[in-house]
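Reckoned from all heavy atoms, side chains included, excluding hydrogens, waters and symmetry mates.
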Amino acid sequence: MTKSAISVLVSGVYFLGQGLLLFLFPDFLLSLFGIPSPKDYWVRVVGLALIVFAFYYIRNAKADNKGFFKVSAQGRVLQFLLFLVLYFLYSIPLMVVGFSAIELCSGLWTIWALKKDESL
């Protein structure tokens with residue numbers, strides 16, 4: 001497995017864990033980070049979406065789909081930037097930006113890994 005495929009696989013496993021926790025135990029995960037739990041269904045919908053995203057990431061990692069790796073890395077960096085905009089414009093909780101910082105790091109990891117794979 002290439003370095004970039006491993007980085008995307010790790011992101012997929014992270015999404016799967018996060019998605020399963022949000023879908024099955026939303027109060028537990030949100031309380032760990034001081035985020036109040038909503039009493040409606042939307043958080044479980046987000047969890048389900050993350051599970052589907054995890055499927056995409058894991059399948060594309062196994063297929064060594066470099067095109068997906070590039071687009072997903074760009075998307076993860078963009079997500080962080082957009083969460084920063086939300087933080088400054090709408091004062092969303094800083095912890096949400098913290099979650100997004102993980103995405104930023106994983107996106108940068110994939111970009112670095114893609115460059116390493118090309119140099120081999």
Side-chain angles (χ1 to χ4, degrees):
M1 195 172 247
T2 62
K3 292 180 186 308
S4 53
I6 292 168
S7 74
V8 171
L9 179 64
V10 169
S11 294
V13 171
Y14 171 73
F15 288 147
L16 181 60
Q18 200 176 36
L20 286 170
L21 284 173
L22 282 175
F23 186 72
L24 298 172
F25 310 105
D27 293 335
F28 170 72
L29 181 62
L30 295 174
S31 69
L32 286 177
F33 298 98
I35 299 171
S37 180
K39 297 304 173 197
D40 56 9
Y41 59 88
W42 77 262
V43 72
R44 292 181 193 273
V45 171
V46 171
L48 187 60
L50 282 168
I51 292 167
V52 173
F53 289 154
F55 174 77
Y56 297 152
Y57 274 68
I58 292 167
R59 292 295 299 239
N60 277 285
K62 289 182 178 181
D64 200 27
N65 185 346
K66 298 275 195 280
F68 177 83
F69 300 169
K70 290 176 186 175
V71 171
S72 72
Q74 293 165 355
R76 287 177 273 157
V77 171
L78 177 62
Q79 177 195 14
F80 175 75
L81 296 174
L82 293 174
F83 273 114
L84 276 179
V85 169
L86 289 175
Y87 175 75
F88 288 114
L89 293 180
Y90 300 103
S91 300
I92 66 170
L94 189 57
M95 188 54 65
V96 176
V97 179
F99 272 117
S100 188
I102 295 169
E103 298 304 321
L104 172 66
C105 292
S106 73
L108 294 174
W109 177 21
T110 300
I111 291 167
W112 172 83
L114 282 164
K115 289 181 181 179
K116 286 290 185 185
D117 291 344
E118 289 173 2
S119 68
L120 295 178

(message) Run the side-chain contact (heavy atoms from CB on, under 4.5 Å) test against Val10 and tell me which residues pass, sequence neighbours left out.
(response) Ile6, Trp109
(request) Give a yes or no on whether Leu50 and Leu82 share a hydrophobic cluster (residues Ile, Leu, Val, Met, Phe, Trp, Tyr; joining criterion: side-chain heavy atoms under 4.5 Å apart). (result) no
(message) For a quick test of reading the model, state the closest non-hydrogen atom pair linking Ala54 to Gly12 and the distance between them.
(response) CB-O, 3.2 Å
(request) Take Gln79 and Leu84 through the test side chain to side chain contact (heavy atoms under 4.5 Å, CB included) and record every step on the way to the result. (result) CA-CA 9 Å; Gln79 177 195 14; Leu84 276 179; over 6 Å; no
(message) Going by ring pair (Phe, Tyr, Trp, His ring centres under 6.0 Å), name the residues that satisfy it together with Phe53, two or more places apart in sequence or in a different chain.
(response) none
(message) Considering only residues two or more places apart or on different chains, which pairs with a residue in residues 42-51 satisfy side chain to side chain donor-acceptor pair (under 3.5 Å)?
(response) Asp40-Trp42
(request) Starting from the C-alpha separation in whole Å, work towards a yes-or-no answer on side chain to side chain contact (heavy atoms under 4.5 Å, CB included) for Leu48 and Leu22. (result) CA-CA 8 Å; Leu48 187 60; Leu22 282 175; over 6 Å; no
Give the table of side-chain donor-acceptor pairs shorter than 3.5 Å for residues 96-103, with sequence neighbours excluded, one pair per line with atom names and distance.
residue	atom	partner	partner atom	Å
Ser100	OG	Phe80	N	3.3

(message) Grouping I, L, V, M, F, W and Y whenever their side-chain heavy atoms are under 4.5 Å apart, do Leu78 and Phe15 come out in a common cluster?
(response) no
(request) Find out if a path of hydrophobic residues (ILVMFWY) with successive side-chain heavy-atom gaps under 4.5 Å connects Phe55 to Val46. (result) yes
(request) Any chance you could measure Ser11, atom OG, to Leu9, atom CG, to the nearest 0.5 Å? (result) 8.5 Å
(message) Atom CZ of residue position Phe68 - does it have more than 12 heavy atoms of other residues, nucleotides or ligands inside 6.0 Å?
(response) yes
(message) Against Arg76, only a single residue in Thr110, Val71, Leu108 fulfils side chain to side chain contact (heavy atoms under 4.5 Å, CB included); can you say which?
(response) Thr110
(request) Heavy atoms only: give me the nearest Val43-Pro26 pair and the separation to one decimal. (result) CG1-CB, 3.5 Å
(request) Flag the pair Pro38 / Leu30 as yes when at least one side-chain heavy-atom distance between them is below 4.5 Å, and no otherwise. (result) yes
(request) Sequence neighbours left out, what passes side-chain contact (heavy atoms from CB on, under 4.5 Å) with Leu21? Give chain and number order. (result) Phe25, Phe28, Leu29
Atom pairs and distances, donor-acceptor, side-chain atoms in residues 57-64, under 3.5 Å, two or more places apart:
residue	atom	partner	partner atom	Å
Asn60	OD1	Asn65	ND2	2.8
Asn60	ND2	Tyr56	O	2.8
Asp64	OD1	Thr2	OG1	2.9
Asp64	OD1	Lys66	NZ	3.0
Asp64	OD2	Lys66	NZ	3.2

(message) Let me confirm one number: the CH2-OG distance from Trp112 to Ser4, rounded to the nearest 0.5 Å.
(response) 10.5 Å
(message) Is there a continuous path of hydrophobic side-chain contacts, each under 4.5 Å between heavy atoms, that joins Ile92 to Leu94?
(response) yes
(message) With a 4.5 Å cut-off on side-chain heavy-atom distances among I, L, V, M, F, W and Y, is there a chain of contacts connecting Leu24 to Tyr14?
(response) yes
